[in-house]
Student: 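First the structure, which I've put down as structure tokens, then a few questions once you've had a look.
So that the names make sense, note that chain A is the first sequence line, chain B the second, and so on, each numbered from 1. Note that the structure is predicted; figures quoted are calculated from it, not measured.
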Number of protein chains: 2
Amino acid sequence: MVTLKQLSKELGVSISTVSKALSDSFEISERTKKKVLALARKYNYRPNNVAVNLRAKSTKTIGVIIPNIFNHFYTKILSGIEQEAKRNNYKVIVSISNETVSSEKEGISFFSNGSVDGILLAPSEETEKLGNYKHISALHQKEIPFVLFDRYSEKLNSDKVIINDFDSAKKTVKYLINKGREEIVVVSLIKHLSVGELRKKGAFDASKKITLLEFEKEEELEEAFLKLIKRKRIDAVLALDELSGIITLNIARTVAFRIPEELTIISFSQGVLSEYSYPKLSTINQHAKEIGENSVQLLLTRLKNKEASYKTRIIKTALEIHQT
Amino acid sequence: MVTLKQLSKELGVSISTVSKALSDSFEISERTKKKVLALARKYNYRPNNVAVNLRAKSTKTIGVIIPNIFNHFYTKILSGIEQEAKRNNYKVIVSISNETVSSEKEGISFFSNGSVDGILLAPSEETEKLGNYKHISALHQKEIPFVLFDRYSEKLNSDKVIINDFDSAKKTVKYLINKGREEIVVVSLIKHLSVGELRKKGAFDASKKITLLEFEKEEELEEAFLKLIKRKRIDAVLALDELSGIITLNIARTVAFRIPEELTIISFSQGVLSEYSYPKLSTINQHAKEIGENSVQLLLTRLKNKEASYKTRIIKTALEIHQT
DNA sequence: ATGAAAGCGCTAACAG
DNA sequence: CTGTTAGCGCTTTCAT
């Protein structure tokens, strides 16, 4: 990489003259500017980012800690983050926690050395399970601004971007009841997540008369659901996560349920899974991309004003019913 | 963030003493080391990464340009990259090209200012379509090492990590023939990708008697495949990409094909889609994670020795047949 | 209109 | 064993 020093030497002017010329300073004569610009272009000069960062004491980089990159929901959030960051001339560094506390800590420490201006973070499942958020709140001491997205805790004081899980589940159950569905089953594989808890509460807030199937492992859910539908007539399923939705769908089909005529399945999701399932699953779309975009916006706002009070943005969900 | 300067001031020693003490230099007395370490811990001192980078003229960061983050295949590669990078104490910056030349160029220029030590890149679909790789080979002039993964071109001289697409397709068709399948259909939605071309050639190299359905849009493929199976008996499908596989599967089921008894479907894939399809699709697993890991390894090797000749690593595929 | 010098935070060669 | 100094590449203040 060519540097200001090299350019200045070749042009026989000082480094500062070259620097000023390149930033089109009024202090520099047109003639010199032309000369400098020409040579800079010839060598494809680009200011060394690291040096600029050191000088500016800012990196124009956002660190993202994401629990799981195989989950299409987070992938969409990441895409929203990346786009919004780029739009604001920020770079994005990614660290994947794989739902473990240890990787999450690693990621945080990875970012806590001036590599990033701020952090976007969705706590790992393990973190939520243990309820220990000290490694995250430690960012406050380090004065590294951060924004939580999707998952959060009352224990954590910070900006956050979330969806209205409680309301979404409640509204969906109400919708099912309105449609005349009477035997509603709620299935879930995300027992340990804060969002799972909220959705469950929302569903039960709409109706006490709900059967709950909540498990940690896919096979357990499969077994339980199969047993249930053999024993009892049901006509609606609300899946609190996409995987539960797909599993329920596939099992219902093996026992020849007509879907959605005999059995309505609605699933929280943002996935390819539901899109390419057969038949297409009805979903509660979580607008993942907007979650990502809003997280970036909140963080950039925070970077501009570190003293402002913490803000929460709630991204609305949309119920998408597929009749086919 | 606390700096060496601040520590040195509080301790009443010089900056370099603090620096040396923290790196456990033999030049420093045990007593001083203890004192320094204690204060450093108290303030949670971490060397400023940007300053270290400037000094070291290396960023310990890898830039990744990925065509599409919604494709599970690339997501897995990214995960492999991230893990292998972390294992070697490198950070990962991500830029998503969305299969467009313009975003790809943006990404490259984004990285070409000293932000990264090297680049990992899978060219966008548009780039492959246009056959113009100048913006990529320009990295050679800029002396930024890069490694291509998954997609590549003869026009590009570089390290690369690829799968043996030609052989995999060929072997799969042979497998089908061995199993007594006679009417084989090859379906594809990745006409414009170099890998699509290779897979197609491989399939035809195993048998000339193949029906080819190749389209750009999902609907076109759906229509054509439906028409075909109504007109003619077929007993095997090789899908060159996962989407084609799923679409074929869903259509075959609407017309009540028994799968895999009557119709074998095998698909190139690395997806959740095939895993949670019903019935489970048989797949040609591309070991995406290994592609990611190998890309990082090749790049790090290159960083150590910029003069070595270019290497190509071929990641083997595995045929995974599901009987259910 | 141009240049010299300082300083961002760090490391390391050199001096004492 | 500790300190001084230089320099990574850049921007900016302050001379000239």
Side-chain angles (χ1 to χ4, degrees), chain A residues 1-37 39-40 43-61 89 91 111-117 142-144, chain B residues 1-37 39-40 43-61 89 91 111-117 142-144:
Chain A
M1 272 191 36
V2 59
T3 66
L4 287 184
K5 202 181 189 176
Q6 287 158 17
L7 292 181
S8 73
K9 201 173 164 191
E10 185 161 342
L11 288 162
V13 296
S14 77
I15 293 177
S16 54
T17 299
V18 179
S19 173
K20 286 171 186 168
L22 288 171
S23 54
D24 200 24
S25 161
F26 67 95
E27 298 179 79
I28 306 297
S29 74
E30 286 305 320
R31 227 175 62 84
T32 310
K33 278 184 190 171
K34 284 251 162 58
K35 261 184 10 192
V36 170
L37 231 69
L39 196 69
Y43 286 133
N44 213 315
Y45 169 80
R46 312 229 21 210
N48 180 308
N49 196 242
V50 178
V52 172
N53 289 346
L54 181 60
R55 175 86 236 256
K57 289 190 163 218
S58 115
T59 60
K60 290 274 192 181
T61 303
N89 248 299
K91 283 178 285 295
F111 290 158
S112 301
N113 59 4
S115 296
V116 303
D117 293 349
K142 296 183 193 161
E143 293 182 61
I144 302 176
Chain B
M1 273 188 38
V2 60
T3 67
L4 288 184
K5 202 180 187 176
Q6 288 158 14
L7 292 182
S8 72
K9 199 171 164 192
E10 184 159 345
L11 288 162
V13 297
S14 77
I15 293 175
S16 58
T17 299
V18 179
S19 172
K20 286 172 186 165
L22 287 172
S23 56
D24 200 23
S25 162
F26 67 95
E27 298 179 80
I28 305 297
S29 74
E30 285 306 320
R31 227 177 61 85
T32 311
K33 279 184 190 170
K34 284 250 163 59
K35 259 183 12 191
V36 170
L37 232 68
L39 196 67
Y43 286 133
N44 214 314
Y45 170 79
R46 311 230 21 212
N48 180 309
N49 196 241
V50 177
V52 173
N53 289 346
L54 180 62
R55 176 85 239 257
K57 290 193 163 216
S58 114
T59 60
K60 290 274 191 181
T61 304
N89 249 299
K91 282 178 285 294
F111 289 159
S112 300
N113 59 4
S115 297
V116 303
D117 292 350
K142 296 183 193 162
E143 295 181 62
I144 302 177

Student: Are any side-chain N or O atoms of B/Lys91 and backbone N or O atoms of A/Phe111, one a donor and one an acceptor, separated by less than 3.5 Å?
Tutor: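 No; judged by distance alone, with no hydrogens or angles, the pair does not exist.
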Student: Is there a side-chain contact between B/Thr17 and the phosphate of D/dT2, meaning an N or O under 4.0 Å from OP1 or OP2?
Tutor: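 So the side-chain polar atoms of B/Thr17 never come under 4.0 Å of the phosphate oxygens OP1 or OP2 of D/dT2.
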Student: Under the 3.5 angstrom rule, does the side chain of B/Lys142 hit a backbone N or O of B/Asn113 as a donor-acceptor pair?
Tutor: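 Looks like no, no N/O pair under 3.5 Å.
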Student: Round to a whole Å and report the spacing from CD of A/Gln6 to P of D/dG7.
Tutor: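 Atom-to-atom, A/Gln6 to D/dG7, this comes out as 15 Å.
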Student: Measuring to OP1 and OP2 of D/dG3, would you say a side-chain N or O of B/Ser14 lies under 4.0 angstrom away?
Tutor: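 Checking B/Ser14 against D/dG3: at least one side-chain N or O falls below 4.0 Å of OP1 or OP2.
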Student: Hey, which of these two, A/Met1 or B/Glu30, hits DNA chain D nearer its 5' end, going by closest nucleotide?
Tutor: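 Result of the comparison: B/Glu30.
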Student: Quick one: pull up CG in B/Asp117 and NZ in B/Lys57 and give me the separation to the nearest 0.5 Å.
Tutor: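 Spacing of CG (B/Asp117) from NZ (B/Lys57) equals 12.5 Å.
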Student: For residues B/Lys33 and B/Ile28, report the shortest heavy-atom separation together with the two atoms involved.
Tutor: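 B/Lys33 and B/Ile28 have their closest heavy atoms at CE-O, 3.5 Å.
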Student: Report yes if at least one side-chain N or O of A/Lys33 is closer than 4.0 Å to OP1 or OP2 of C/dA1; otherwise report no.
Tutor: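 Negative; the distance criterion is not met.
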Student: Could you check how far NZ of A/Lys57 sits from P of D/dT12, rounded to whole Å?
Tutor: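 In whole Å, D/dT12 P lies 15 Å from A/Lys57 NZ.
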Student: So among B/Leu37, B/Val36, B/Leu39, B/Leu22, which one has a side-chain contact (heavy atoms from CB on, under 4.5 Å) with B/Tyr45?
Tutor: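 Of the listed options, the one satisfying the test is B/Leu22.
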Student: Sequence neighbours excluded, which residues qualify as side chain to side chain contact (heavy atoms under 4.5 Å, CB included) partners of A/Lys60?
Tutor: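 For A/Lys60 the side chain to side chain contact (heavy atoms under 4.5 Å, CB included) partners, ignoring immediate neighbours, are A/Ser58, A/Tyr90.
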Student: B/Leu22 has an atom CG; how far is it from atom C1' of C/dC10, in whole Å?
Tutor: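 It is 11 Å, rounded to the nearest whole Å.
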Student: Nearest whole Å is fine: how far is C/dT2 C1' from A/Lys34 NZ?
Tutor: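 From A/Lys34 NZ to C/dT2 C1': 19 Å.
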Student: Would you say A/Lys5 reaches D/dC10's phosphate, i.e. side-chain N/O to OP1/OP2 under 4.0 Å?
Tutor: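 For D/dC10, OP1/OP2 do not have a side-chain N/O of A/Lys5 under 4.0 Å.
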Student: Send over the distance from A/Leu54 CG to D/dT12 C1', rounded to a whole Å.
Tutor: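 After rounding, the reported distance stands at 14 Å.
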Student: Can you work out whether B/Phe26 or B/Ala56 has the more 5'-proximal nearest nucleotide on DNA chain D?
Tutor: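 Counting from the 5' end, the first nearest nucleotide belongs to B/Phe26.
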Student: Rounding to a whole Å, what distance do you find between A/Leu4:CG and C/dC8:P?
Tutor: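 Spelled out: CG on A/Leu4 to P on C/dC8 is 19 Å.
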Student: Under 4.0 Å, heavy atom to any atom of DNA chain C: which of residues 43-53 of chain A qualify?
Tutor: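 Nucleic-acid contacts, sorted: none.
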Student: Take the protein atom NZ of A/Lys60 and the nucleotide atom P of D/dT11, then report the distance between them rounded to whole Å.
Tutor: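 To the nearest whole Å, that distance equals 14 Å.
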Student: Pairs under 3.5 angstrom only: tabulate donor-acceptor contacts from the side chains of residues 46-55 of chain A to other protein residues two or more places apart or in another chain.
Tutor:
unit_1	atom_1	unit_2	atom_2	d
A/Arg46	NH1	B/Ser109	O	2.5
A/Asn48	OD1	A/Val50	N	2.7
A/Asn48	OD1	A/Ala51	N	3.0
A/Asn49	OD1	A/Asn53	ND2	3.3
A/Asn49	OD1	B/Ser115	OG	3.1
A/Asn53	ND2	A/Asn49	O	3.4

Student: Polar atoms only, N or O, under 3.5 Å: list the protein pairs with nucleotides 12-14 of chain C and their distances.
Tutor:
unit_1	atom_1	unit_2	atom_2	d
C/dA13	N6	B/Lys20	NZ	3.3

Student: Could you grab the distance from atom OG of B/Ser112 to atom CD of B/Glu143, nearest 0.5 Å is fine?
Tutor: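 Interatomic distance, B/Ser112 OG to B/Glu143 CD, rounded to 0.5 Å: 12.5 Å.
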Student: B/Leu7 CG to C/dT11 P: how many Å, rounded?
Tutor: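 One finds 12 Å between P of C/dT11 and CG of B/Leu7, rounded.
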Student: CD of A/Glu27 to OG1 of A/Thr32: how many Å apart, nearest 0.5 Å?
Tutor: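 Going from CD on A/Glu27 over to OG1 on A/Thr32, the span is 12.0 Å.
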Student: Would you give me the side-chain donor-acceptor pairs under 3.5 Å for residues 8-15 of chain B, sequence neighbours excluded?
Tutor:
unit_1	atom_1	unit_2	atom_2	d
B/Ser8	OG	B/Leu4	O	3.4
B/Ser8	OG	B/Lys5	O	2.7
B/Glu10	OE1	B/Tyr43	OH	2.9
B/Glu10	OE2	B/Tyr43	OH	3.3
B/Ser14	OG	B/Ser16	OG	3.3
B/Ser14	OG	B/Thr17	N	3.2
B/Ser14	OG	B/Thr17	OG1	2.9

Student: Using five base pairs at each end to define the local axes, how bent is the helix from C/dA1-D/dT16 to C/dG16-D/dC1, to the nearest 10°?
Tutor: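 Nearest ten degrees gives 60° for this helix.
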